[in-house]
Trainee: 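The following block contains the structure, expressed as structure tokens.
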Amino acid sequence: MTTPTAESALATSGAVLDREETISRDELEALQLSRLQHTLAYAYDRVPLYKRKFDEAGVHPTDLRELSDLGKFPFTTKEDLRLEYPFGMFAVPQQEVARIHASSGTTGRATVVGYTKKDLADWAKLVARSLRASGVRPGMKVHNAYGYGLFTGGMGAHAGAEALGCTVIPISGGQTERQITLIQDFKPDAILATPTYLLTIADAMMKQGIDPASTSLKYAVLGAEPWTEEMRHELEVTMNIKACDIYGLSEVMGPGVAGEAVETQDGSHIWEDHFRPEIIDAFDPSVVLGDGEPGELVFTSLTKEALPIIRYRTKDLTRLLPGTARPAHRRMGRITGRSDDMIILRGVNLFPSQIEEIALRIPELSPHFQLELTRPEGQRMDQLTVKIERRESVTVEGVASAARVLKEQIKIHVGSSCAVNVVEPGSLERSNGKLRRIYDLRPKA
Ligand code: DLL
């Protein structure tokens, strides 16, 4: 497939791009093929789990002659990383691992990931590339409200902003009052946070009588959780900023696997010189789907040393779209949700992002909502209750009609009946990072 590399297609706002951002699709695919062949051999030789899995599947790294041959190789899952806890997936001796990150492990053992010095440099370069695409420029002050620590968000974003040549303010997540003071005093140009935490900051500013649109902030680079176009609009208007998406996951690298261009705001470009994406049918993983078709996103790393990852099943549901601002690098559509976050309500599949999309189109309702799943006494059917805060200015009649509209719209667009409970502003828990939307209160089987 040949994609034009016409300079006109590249939206840059005067920024100097990495060479790999401007190459043709053909050149990029040639690079992917040689890097993929290297990675498969490297993983097979150095990580016993990959050798075992490839041997069991009857494939050898030399079987990859063209990119589509990747489909012959076995998947890697979170469970594999858990079974190999802590360092069994590492492809280099521990002394060569410069940093370790890990997931929180709330649902079992933590998944541990490692980086060599070169991996850290590549990661910083890709976060820098993502931030630059989203409008951040060298010399800008960047307020980094992603959590620091074992979570990849804080330190990953930090290193990328530094590599780009920004002045980084490493505030981490939480301590919202302090965040507001520092935003007012240090006057940052950009903020890095989860979308729901930025909402918390904006909300807290309003409570203090500060207009969130009046700050120095011009750009926000938001990710680590699903968010919608409606949420983008809400944040851009409330804060008078340009908000772009950044995507990533620890097992594949961390933030910066994909980043969105501010000029087009049409989904994150996957940095395909470092990661080869595929979309598979989540229910029949043997089926690799074509571009444009919705399914589960799968990644293979092309340059990682400490933790090469082959066909990692992300559980994120999206689709691949052609590149725009960076023509050779495909974009990903918005993540509709994770397959393990899907609510199945009386046979209908539902994601929190669908509720966000619908609720934010109703002017009386705020973006603060929770989904409660219950099974009322003596009933066999599950019940979904959407608890959502009203906007400050709304009257009693306004609340009643908004609740009715939300219920109807969910029935029309999602196909399930639910209860809607409009609650007082400020009564629902606020986000400090990744927000929990679903509260499953059903009796455990
Ligand atoms: O959340 C990495 C990250 C940090 C990305 C900061 C962006 C900004 P994990 O904790 O491993 O890593 O969680 C990864 O978060 O599989 C998605 O389900 C979700 N996720 C990450 N970015 C986005 C996004 C970081 N932009 C998981 N949109 C992923 C939707 C996202 N979901």
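Given the structure is predicted, the values throughout are model-derived calculations rather than measurements. What you see below is based on every heavy atom in this structure, not just the backbone, and it leaves out hydrogens, waters and symmetry mates. First listed ligand is number 1; within each ligand, the first listed atom is number 1. Throughout, numbering of the chain's residues begins at 1 and tracks the sequence.
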Trainee: Does the plane of the ring in F54 sit parallel, tilted or perpendicular to the ring in Y50? Use 30° and 60° as the thresholds.
Mentor: tilted
Trainee: Is the closest side-chain heavy-atom distance between Y312 and T300 below 4.5 Å?
Mentor: no
Trainee: Does any N or O of ligand 1 fall below 3.5 Å from an N or O anywhere on I335, backbone included?
Mentor: no
Trainee: Has ligand 1 got any nitrogen or oxygen that is less than 3.5 angstrom from a nitrogen or oxygen of A224?
Mentor: yes
Trainee: Would you say the side chain of D119 lies within less than 4.5 Å of the side chain of V97, judging by non-hydrogen atoms?
Mentor: no
Trainee: Do Q354 and L350 come close enough that some side-chain heavy atom pair is under 4.5 Å?
Mentor: yes
Trainee: Kindly identify the option in S268, G248, S353, G433 whose heavy atom sits closest to atom 2 (C) of ligand 1.
Mentor: G248
Trainee: Could you tell me whether the side chains of K304 and H274 share a donor-acceptor contact shorter than 3.5 Å?
Mentor: no
Trainee: Counting both backbone and side chain atoms, is some N or O of R338 under 3.5 Å from an N or O of ligand 1?
Mentor: yes
Trainee: Do W123 and R99 have side chains that get closer than 4.5 Å, going by heavy atoms?
Mentor: yes
Trainee: Any idea which atoms of ligand 1 are less than 4.0 Å away from a heavy-atom of I246?
Mentor: 7 (C), 8 (C), 22 (N), 24 (C), 26 (N)
Trainee: Would you check whether Y146 has a nitrogen or oxygen atom less than 3.5 angstrom from a nitrogen or oxygen atom of ligand 1?
Mentor: no
Trainee: Given side-chain contact (heavy atoms from CB on, under 4.5 Å), test L307 with F90 step by step and report yes or no.
Mentor: CA-CA 5 Å; L307 190 90; F90 288 6; 3.8 Å; yes
Trainee: To the nearest 0.1 Å, how far is atom 29 (C) of ligand 1 from its closest protein heavy atom, and which atom is that?
Mentor: D316 OD2, 3.2 Å
Trainee: Please work out whether any backbone atom (N, CA, C, O) or any side-chain heavy atom from C-beta onward of T152 is under 4.0 Å from ligand 1, and answer side chain, backbone, both or neither.
Mentor: side chain
Trainee: Tell me, which protein residue and heavy-atom name are nearest atom 1 (O) of ligand 1, and how many Å apart are they?
Mentor: K434 NZ, 2.8 Å
Trainee: Who's the nearest protein heavy-atom neighbour of atom 28 (N) of ligand 1, and how far?
Mentor: E225 O, 3.3 Å
Trainee: Under a 4.0 angstrom heavy-atom cut-off, which atoms of ligand 1 come close to P255?
Mentor: 2 (C), 3 (C), 4 (C), 5 (C), 6 (C), 7 (C), 8 (C)
Trainee: Classify the ring geometry between W271 and H329 as parallel (under 30°), tilted (30 to 60°) or perpendicular (over 60°).
Mentor: perpendicular
Trainee: Check if R334 has a non-hydrogen atom at a distance under 4.0 Å from any atom of ligand 1.
Mentor: no
Trainee: Once you round to the nearest 0.5 Å, how far does CD1 of I180 lie from CG of D185?
Mentor: 12.0 Å
Trainee: Taking both backbone and side-chain atoms of S250, is any N or O found less than 3.5 Å from an N or O belonging to ligand 1?
Mentor: yes
Trainee: As an exercise, identify every atom of ligand 1 less than 4.0 angstrom from a heavy atom of L249.
Mentor: 11 (O), 12 (O), 14 (C), 16 (O)
Trainee: Under a 4.0 angstrom heavy-atom cut-off, which atoms of ligand 1 come close to F151?
Mentor: 1 (O), 4 (C), 10 (O), 25 (C)
Trainee: Is S103 near ligand 1, meaning one of its heavy atoms is under 4.0 Å from it?
Mentor: no
Trainee: Check D245 against ligand 1 and report side chain, backbone, both or neither, counting heavy atoms closer than 4.0 Å.
Mentor: side chain
Trainee: In sequence, state the C-alpha distance, the side-chain angles, and the governing distance for E229 and E234, and then conclude on side-chain contact (heavy atoms from CB on, under 4.5 Å).
Mentor: CA-CA 9 Å; E229 282 305 312; E234 171 84 20; over 6 Å; no
Trainee: Which atoms of ligand 1 sit under 4.0 Å from any heavy atom of G153?
Mentor: 4 (C), 6 (C)
Trainee: Sub-3.5 Å donor-acceptor pair from the side chain of R35 to the main-chain atoms of D273, do we have one?
Mentor: yes
